[in-house]
Visitor: 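Take this structure first; my questions come after.
Sequence lines set the chain letters: A, B, ... in the order given, protein chains first and strands last, and positions in each chain run from 1.
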Protein chains: 2
Amino acid sequence: MTEPARFSQPYYAVAWHGDINGHLRILDQTRLPSEIVYRDCKTVEEVWQAIRSLQVRGAPAIGIAAAYGVVLAAQQATQPGGPDAVLKACDYLATSRPTAVNLFWALNRMRQVVGRVHYGNVRDLQNALLREAHAIRDEDAAMCRRIARVGAQLIHDGMGILTHCNTGALATAEYGTALGCIFFAAEEGKRIQIYADETRPLLQGARLTVWELMQRHIPVTLICDNMAAVLMRQKRVQLVLVGADRIAANGDTANKIGTYGLAVLARAHGISFYVAAPSSTFDLALPDGKGIPIEERDPREITEPLGCRIAPEGAVAFNPAFDVTPAELITGIITERGIIKPLTHATIANVLGSPRKSKEADQ
Amino acid sequence: MTEPARFSQPYYAVAWHGDINGHLRILDQTRLPSEIVYRDCKTVEEVWQAIRSLQVRGAPAIGIAAAYGVVLAAQQATQPGGPDAVLKACDYLATSRPTAVNLFWALNRMRQVVGRVHYGNVRDLQNALLREAHAIRDEDAAMCRRIARVGAQLIHDGMGILTHCNTGALATAEYGTALGCIFFAAEEGKRIQIYADETRPLLQGARLTVWELMQRHIPVTLICDNMAAVLMRQKRVQLVLVGADRIAANGDTANKIGTYGLAVLARAHGISFYVAAPSSTFDLALPDGKGIPIEERDPREITEPLGCRIAPEGAVAFNPAFDVTPAELITGIITERGIIKPLTHATIANVLGSPRKSKEADQ
């Protein structure tokens, strides 16, 4: 019997289809918004490639996809070598992208499952891994709903809100983080105007965020990244709301390239700058943002956007995929456990150190 | 006999070919860097279209192209109606683009020629207009050389310099303004590293600035506009150097969209921010930048870059082509008469009010 896909919305970034013999299905986000194409991933290599090539992206969604990738590896596992093969798959998936900590967090949870059921039979291991991957997915969905509810309190009727990259249902199990707060506020009936940075080089804002907002009939105006400052000066923006790929113990936040500049601009214009992220995005092992590895991607993403060469042959380009915004520029961080504000080691530890309601605290 | 084109470099934005019966030739900058295509403009309508469609762009180059456009109109003029037809052509060309004041400045010089030779025969008028257009072009070339020499004093060995849009030979009669300073410093043997903002939406930085710097073997790294802040934080940039489309009497400066944000970022990082522009870019009739009209262009420049749709059908986009940087964020303005610094009505009037060495002061 084939189980239905685990999702509760008209589109989804990532979902498991079927039972333990099933497979991962992802929405190929490189084709949006012109085409809605779902791809079936039946091997761990296909999942690695889907993450690397940004068919699936967004820190929480990457973690979920990787967890299901481990299940695909386990499907091939034999009785004696099963646990080792699964751990190797975890190591392999960890090489797909370096910055988003949710990837490593999810893979560590899958590794812990191997540790727990190491001496069981391989079918038990497979079932336990699938249950854990489902749990990671379901917990992310629940965290996003809570983040949205918490963050929507910051959004008032009539506000102009600037966002960067994509932090919606496409970046998470469902609903989203920063964009989830916006969805929730709109569902509450607040009239808001969103400004979406197109987010060069890969244009996730133009392609994904505008698409998600239009699906929900929330007013959105697309801008080039270099137009944000003018909107702030014209007082058309009262709040900047972004996601995160990794947050250090002091609140320094790695997010899509361009975020740091927005934070500086927001400060200069006296505008609140909030990050929305689940607790799985915190990396408390890092005292500050200096230790966050920043992925540098192929310069052709800049020199050949959309397959068209815009710079001369041989041009040199610099293409960091992320930057780090220092905690002192961040007004607060919206988590599923409340808003952390102001940002200090103590306030962060205080919120994140509290007993977790979700399952991950038990492991 | 056909005279050669009036230029002194391997490529040029705009040049007159031939004698009074000649025509304007422009480099179609929308095709760069993939193709070097020169277009002959033989009617005033073709010049208007070339300016509107950005085949020729850059405030000084627009002014020169418009001046030669007036000559093309005069070629068609008949004896009795000649002056009126030429004045109408000036009015018409003034509608091509609203922000760069050099356009109106050049057209006003052409109108003054009509006033002076109004009662002469039409051939005299044509010759006087061609001489004036040549003078505008030659004076711009001379001003650029002086700006370059003045501005290069600010550039030191080992500097990283960030620039935005294109301010080189392609934007002027020859050599350039902000980019001219960089060319001059490199010719002096200073080792410098240029960072070029790609400059969305029309990518003049990627397509034109990188191309001009590579022609001259000056090290240049292309970045997306949203990466500038990170370069500043990493202390890879010690100077920001941009051009201008219109400067008000208090120093408020309209320039390519994104310039204002760079100025805010430069200030936040303690980095000098200089504008380089000829005196023809000042509009002393405007007390401050509030009166500068900002061209808003087709949103499809954002939603359909390079002919590819990146945003969903029906997406709304905001596409101002320029922004205004307030004088207090500008360290100084590099003109052909020296550096104006600090920027006040008095310091600006002091430099611009001094006797002009070039011909325009006589009119």
Side-chain angles (χ1 to χ4, degrees), chain A residues 32-34 164 195-201 203 206-207 210-211 214-215 219-233 256-265 267-269 294 299 301-303 305-320 323-324 326, chain B residues 32-34 164 195-201 203 206-207 210-211 214-215 219-233 256-265 267-269 294 299 301-303 305-320 323-324 326:
Chain A
L32 283 173
S34 54
H164 191 66
Y195 296 96
D197 273 352
E198 65 175 5
T199 318
R200 277 282 283 152
L203 301 163
R207 296 189 302 103
V210 171
W211 185 76
M214 287 177 73
Q215 299 277 319
V220 56
T221 297
L222 173 64
I223 60 167
C224 298
D225 301 308
N226 65 21
M227 298 169 185
V230 159
L231 290 181
M232 293 184 188
R233 184 159 176 95
K256 178 57 56 198
I257 186 72
T259 302
Y260 166 63
L262 284 184
V264 174
L265 292 172
R267 172 62 53 89
H269 292 86
I294 298 298
E301 292 180 353
I302 297 179
T303 57
L306 309 163
C308 301
R309 172 162 277 282
I310 57 166
E313 285 286 346
V316 174
F318 174 53
N319 188 17
D323 57 27
V324 175
Chain B
L32 283 173
S34 54
H164 191 66
Y195 296 96
D197 273 352
E198 65 175 5
T199 318
R200 276 283 283 153
L203 300 163
R207 297 189 300 104
V210 171
W211 185 75
M214 287 177 71
Q215 298 277 321
V220 56
T221 297
L222 174 63
I223 60 167
C224 297
D225 301 310
N226 65 22
M227 298 169 185
V230 159
L231 290 181
M232 293 183 188
R233 185 159 175 93
K256 179 55 57 195
I257 185 72
T259 302
Y260 166 63
L262 284 184
V264 174
L265 292 172
R267 173 61 54 89
H269 292 86
I294 298 297
E301 291 181 353
I302 297 179
T303 57
L306 309 165
C308 301
R309 172 161 277 282
I310 57 167
E313 286 285 345
V316 174
F318 174 53
N319 187 19
D323 58 27
V324 175

Visitor: Does any heavy atom of chain B fall under 4.5 Å from the side chain of A/V230, the backbone, both, or neither of them?
Guide: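 Both parts, backbone and side chain.
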Visitor: My understanding is that only residues two or more places apart in sequence, or in another chain, count here; which of them pass ring pair (Phe, Tyr, Trp, His ring centres under 6.0 Å) with A/Y195?
Guide: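 In terms of ring pair (Phe, Tyr, Trp, His ring centres under 6.0 Å), with neighbours along the sequence ignored, A/Y195 is linked to no residue.
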Visitor: Give the member of A/R267, A/E301, A/H269 that has the highest number of heavy-atom pairs under 4.5 Å with chain B.
Guide: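 Winner by heavy-atom pair count: A/H269.
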Visitor: Could you tell me which portion of A/R309 (side chain, backbone, both or neither) has an atom closer than 4.5 angstrom to a non-hydrogen atom of chain B?
Guide: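 Interface part for A/R309: neither.
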Visitor: Stepwise, does the side chain to side chain contact (heavy atoms under 4.5 Å, CB included) test hold for A/N226 with B/D197?
Guide: CA-CA 10 Å; A/N226 65 21; B/D197 273 352; over 6 Å; no
Visitor: Tell me, for A/N319 versus chain B, whether the close heavy atoms (under 4.5 Å) come from the side chain, the backbone, both or neither.
Guide: both
Visitor: For A/L262, is it the side chain, the backbone, both, or neither that has a heavy atom closer than 4.5 Å to a heavy atom of chain B?
Guide: neither
Visitor: In terms of heavy-atom proximity below 4.5 Å to chain B, should A/P219 be classed as side chain, backbone, both, or neither?
Guide: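 Neither part, no heavy atoms under 4.5 Å.
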Visitor: Taking every non-hydrogen pair under 4.5 Å, which of B/R233, B/M232, B/M214 racks up the most with chain A?
Guide: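 Between B/R233, B/M232, B/M214, the count favours B/R233.
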Visitor: Flag the one option from B/V324, B/I302, B/T199 with the top tally of heavy-atom pairs under 4.5 Å to chain A.
Guide: B/I302
Visitor: Could you grab the distance from atom CG of B/D225 to atom SG of A/C224, nearest 0.5 Å is fine?
Guide: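 SG of A/C224 is found 8.0 Å from CG of B/D225.
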Visitor: Quick check for you: to the nearest 0.5 Å, what is the distance between B/R200 atom CZ and A/R200 atom CZ?
Guide: 7.0 Å
Visitor: What part of B/V210 lies closer than 4.5 angstrom to a heavy atom of chain A: side chain, backbone, both or neither?
Guide: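 For B/V210, backbone and side chain are both near chain A.
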Visitor: Could you tell me which of A/A196, A/A229, A/P305 has the largest number of non-hydrogen atom pairs under 4.5 Å with chain B?
Guide: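 Max contact count across the listed options: A/A229.
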Visitor: For A/E313, is it the side chain, the backbone, both, or neither that has a heavy atom closer than 4.5 Å to a heavy atom of chain B?
Guide: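 It is the backbone, since no side chain atom gets that close.
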Visitor: With a 4.5 Å cut-off on heavy-atom pairs, point out which of B/L203, B/I257, B/L265, B/D323 contacts chain A the most.
Guide: B/I257
Visitor: For the candidates B/P299, B/A228, B/P326, which exhibits the highest count of non-hydrogen atom pairs separated by less than 4.5 Å from chain A?
Guide: B/P326
Visitor: Measure distances from B/I310 to the heavy atoms of chain A and classify the residue's part below 4.5 Å as side chain, backbone, both or neither.
Guide: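 Its backbone and side chain both get close to chain A.
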Visitor: Need one label for A/S34: side chain, backbone, both or neither, based on atoms under 4.5 Å from any heavy atom in chain B.
Guide: neither
Visitor: Could you tell me which of B/G258, B/P312, B/A317 has the largest number of non-hydrogen atom pairs under 4.5 Å with chain A?
Guide: B/P312
Visitor: B/L231 versus chain A, heavy atoms under 4.5 Å apart: side chain, backbone, both or neither?
Guide: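 Contact with chain A involves the side chain of B/L231 alone.
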